[in-house]
Amino acid sequence: MSSFTAPLVVSPLPDGALWQVARTLPYHLGTEGSRFRVVVPKGYVTNFDSTPWAVRVLALLAFRKDVFGQGRNAYVLHDYLYTAQLFTRHLSDAIFLEALGVLGVSWPVRTAMYAAVRLFGWGAWKRSRG
């Protein structure tokens with residue numbers, strides 16, 4: 001099973017909206033000991049989650065709680081996958097979906113998050129392509 005093999009350690013930047021990864025964040029793909037992994041480098045800057053506000057409001061109404069905090073590692077990983085473009089957008093989004101499951105995010109919430117990145121992520125993907 002895939003896994004994050006180190007805790008997420010971040011520091012806020014002065015603007016208050018962005019965070020810098022203070023320690024590498026490795027994510028192993030596949031079974032334990034797999035040589036396939038993605039490593040978010042120390043110094044990488046993230047906003048954690050660029051979910052559109054409308055999706056956040058709908059999630060809050062549907063689930064009656066803030067469902068976004070549990071997936072922070074996956075958000076950082078997904079931001080990095082979009083920035084680095086190591087894989088296709090579709091595969092990057094699939095890794096995000098899997099990572100949310102690894103973190104224990106419930107099936108309805110992770111499915112909604114996956115649908116959101118599939119529907120709205122194309123703009124961020126294109127901006128990252130330069």
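Heavy atoms only: backbone and side chains are in, while hydrogens, waters and symmetry mates are out.
Note on V9: it does not cluster hydrophobically with Y27, by side-chain heavy-atom contacts below 4.5 Å among ILVMFWY residues. Both L86 and I95 are members of a single hydrophobic cluster when ILVMFWY side chains are connected at heavy-atom separations under 4.5 Å. With hydrophobic clusters built from ILVMFWY side chains whose heavy atoms lie under 4.5 angstrom apart, V38 shares a cluster with F36.
In terms of heavy-atom proximity, A6 sits nearest to R23 at CB-NH2, 3.9 Å. Scanning both residues, R89 and R118, for their nearest heavy atoms gives NH2-O, 2.8 Å. The nearest pair of heavy atoms linking A74 to F4 is N-CZ, 3.9 Å. Between V10 and V21 the shortest heavy-atom distance is CG1-CA, 4.1 Å. When all heavy atoms of S2 and E98 are compared, the pair lying nearest together is OG-OE2, 2.8 Å. Between L13 and Q20, the closest heavy-atom pair is CD2-CB, 4.0 Å.
Screening residues 6-25 for ring-ring contact (aromatic ring centres under 6.0 Å, His included), with sequence neighbours left out, gives W19-F48. Applying the ring-ring contact (aromatic ring centres under 6.0 Å, His included) test to every pair with at least one member in residues 80-103, sequence neighbours left out, gives these pairs: Y44-Y80, H78-Y82, H78-F96, Y82-W125.
Applying the side chain to side chain contact (heavy atoms under 4.5 Å, CB included) test between V45 and each of T83, D79, L18 identifies L18 as the sole match.
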Go through the steps for R72 and L8 under the test side-chain contact (heavy atoms from CB on, under 4.5 Å), then give the verdict. CA-CA 8 Å; R72 287 186 174 258; L8 175 63; 4.2 Å; yes

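Looking at heavy atoms from C-beta onward, Y114 lies out of side-chain contact with L100 at the 4.5 angstrom threshold. At least one side-chain heavy atom of L77 sits less than 4.5 Å from a side-chain heavy atom of L81.
Between K42 atom NZ and T24 atom OG1 the span is 9.0 Å, to the nearest 0.5 Å. Between the CG atom in L97 and the OG1 atom in T111 there is a gap of 6.5 Å [rounded to 0.5 Å]. One finds the OG atom of S3 at 9.0 Å from the CG atom of L29 (value rounded to the nearest 0.5 Å).
Looking at residues two or more places apart in sequence or on another chain, you find no side-chain hydrogen bond (donor to acceptor under 3.5 Å, both in side chains) involving R37.
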